Number of protein chains: 2
Amino acid sequence: MARKQEFNTDEALHHALGAFWNKGYEATSLADLLQATGLSKSSLYNVFGCKRELFLSAFDAYRKERGSDMIEMLSSGTAREGIERFFRKIVMDAASPDFHRGCMSINQAVEMAPRDPEVRDRVTQDFQAIEDLLTGAIDRAQTDGSISSRRTARDLAKLLVLSFPGLQVMTRAGVSKNRLDSFLDTLLSILDQDAPAR
Amino acid sequence: MARKQEFNTDEALHHALGAFWNKGYEATSLADLLQATGLSKSSLYNVFGCKRELFLSAFDAYRKERGSDMIEMLSSGTAREGIERFFRKIVMDAASPDFHRGCMSINQAVEMAPRDPEVRDRVTQDFQAIEDLLTGAIDRAQTDGSISSRRTARDLAKLLVLSFPGLQVMTRAGVSKNRLDSFLDTLLSILDQDAPAR
DNA sequence: GATTTAGGGGACCGAAAGGTCCAGAAAAGG
DNA sequence: CCTTTTCTGGACCTTTCGGTCCCCTAAATC
């Protein structure tokens, strides 16, 4: 009886996500979303509801995937390797000459969180999740011996969490990969030893 | 002959600055700016030009003042005291229950920098200025002995610069002052010794 | 192939966006 | 007190915003 949907809902959602990730919420117009998804206005509204609902769906998809990615990246090899892998990945974004996206959660912490409780809650959860995952990884390192610093896992995690937005924001602002690598090298050195010989 | 301007241009600029700082560029409408400044539309356009020009003027005023503030805060007492004073001030913003503003340069690194070269240049300069000022302060500490870490001044400065956006973004996202203080305590501890006994 | 049902393109809408402009009012100088 | 100048308020304009709705079309079943 019924006709089948011609487009892939999930794909469309991810195209919309790309637009919101690049330009933020306010600066992304419906026209942008239609172009990004390739949908007609009625299809978009039928499937995703209003702009704000679409945004929240896209944001949640982003958060879910990034959470999984982070767990995966942290989990293979030694804890130290996992942590380095996680942070190196962030900086790789800066190497692409075109648009710099940074981390959408950080971007939204700046744009929407101050005036939108639903976004604020998500962002707060994300900060907490990052801290917990990093703490877990560093805890694991105390077993595998890959981190030689004598600081507590919680303290090291705090330093990493505190630096995470810095790397993401600099990436978004277009700081060169070289400079970011240098920041990251310094950051990671706090895991290895407490008084680096440089 | 001529009639005198009834309002104080600088005051009006700062009221506009407040609006842009709170809501960002896109989300601040002309109506918001008129309400914030108390000016009529024609006065605002006569004195400040279009929205974008007004924004850049306000942003530059912000940057200039924050630069002076930072120099002043870093300069009195020991270098270590100056650095702590500078960072404690950031976290104080989080104590106010109403709107959280964060650092406008960081906010703009997220919002405008990716698509606006003029904003990007300013933001890049600000990152560099913060790094240079902090490096200078830590250099000074090597003379006054207030920082006991054996890391290089440049490395310590990098860790502080990298953490600066984190504190600002968390402030803007509404993270509690307690949590921010705890992050800051950990951050400042890297200045004091390389293996804190905790 | 007819019927049924939902998808899709786009016309249409009111509101609000940023921006222009003009007429009137008010102050400073002569 | 009159003239000149410019500041001020608000009417007005165009465009774009997010959002609704309808009609035609196309597919799946019988």
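Everything numeric here is computed off the predicted structure, so don't read it as measured data. In what follows, chains are A, B, ... by sequence order, proteins preceding strands, each numbered from 1.
To the nearest angstrom, P of C/dG19 lies 10 Å from CG of B/Leu44. Rounded to an integer number of Å, the gap from A/Glu26 CD to C/dA16 P is 14 Å. A/Glu53 has its CD atom 12 Å from the C1' atom of D/dG19, to the nearest Å. Between the P atom of C/dG10 and the CG atom of A/Asn46 lies a distance of 16 Å, rounded to the nearest Å. As rounded to whole Å, 14 Å separates atom P of D/dG18 from atom CD of A/Gln35. The CG atom of A/Asp32 sits 8 Å away from the P atom of D/dG18 (whole-angstrom rounding). One atom, CZ of B/Phe7, and another, P of D/dT6, lie 15 Å apart when rounded to the nearest Å. Spacing between atom CG of A/Leu39 and atom P of C/dA6 amounts to 19 Å, rounded to whole angstrom units.
Note on A/Lys41: every side-chain N or O is 4.0 Å or more away from OP1 and OP2 of C/dG10. Close to C/dG7, at under 4.0 Å from its OP1 or OP2, lies no side-chain N or O of A/Ser43. Regarding contacts with the backbone of D/dG9, a side-chain N or O of B/Ser40 is found under 4.0 angstrom from either OP1 or OP2.
In this structure, A/Phe86 and A/Phe164 have parallel ring planes: the angle between them is below the 30° cut-off, well short of the 60° mark. Between A/Phe55 and A/Tyr25, the two ring planes are perpendicular [angle over 60°; tilted spans 30° to 60°].
Of the residues near DNA chain D, A/Ser42 and A/Ala31, the one whose nearest nucleotide (by heavy atom distance) lies more toward the 5' end is A/Ala31.
Residue B/Ser29 is classed as a sugar-phosphate contact, given heavy-atom separations below 4.0 Å to backbone atoms only.
Around CD of A/Glu72, the count of heavy atoms belonging to other residues, nucleotides or ligands within 6.0 Å does not exceed 12. Atom CD of A/Gln35 is surrounded by 12 or fewer heavy atoms from other residues, nucleotides or ligands within 6.0 Å.
Of the listed residues (B/Val123, B/Asp116, B/Thr124), just one forms a side-chain contact (heavy atoms from CB on, under 4.5 Å) with B/Arg120, and that residue is B/Thr124.
Each of D/dG18, C/dG19, D/dT8 was ranked by its minimum atom distance to the side chain of B/Tyr45; first place goes to C/dG19. Distances from the side chain of A/Leu30 to the nucleotides C/dG19, D/dG19, D/dT8 place D/dG19 closest.
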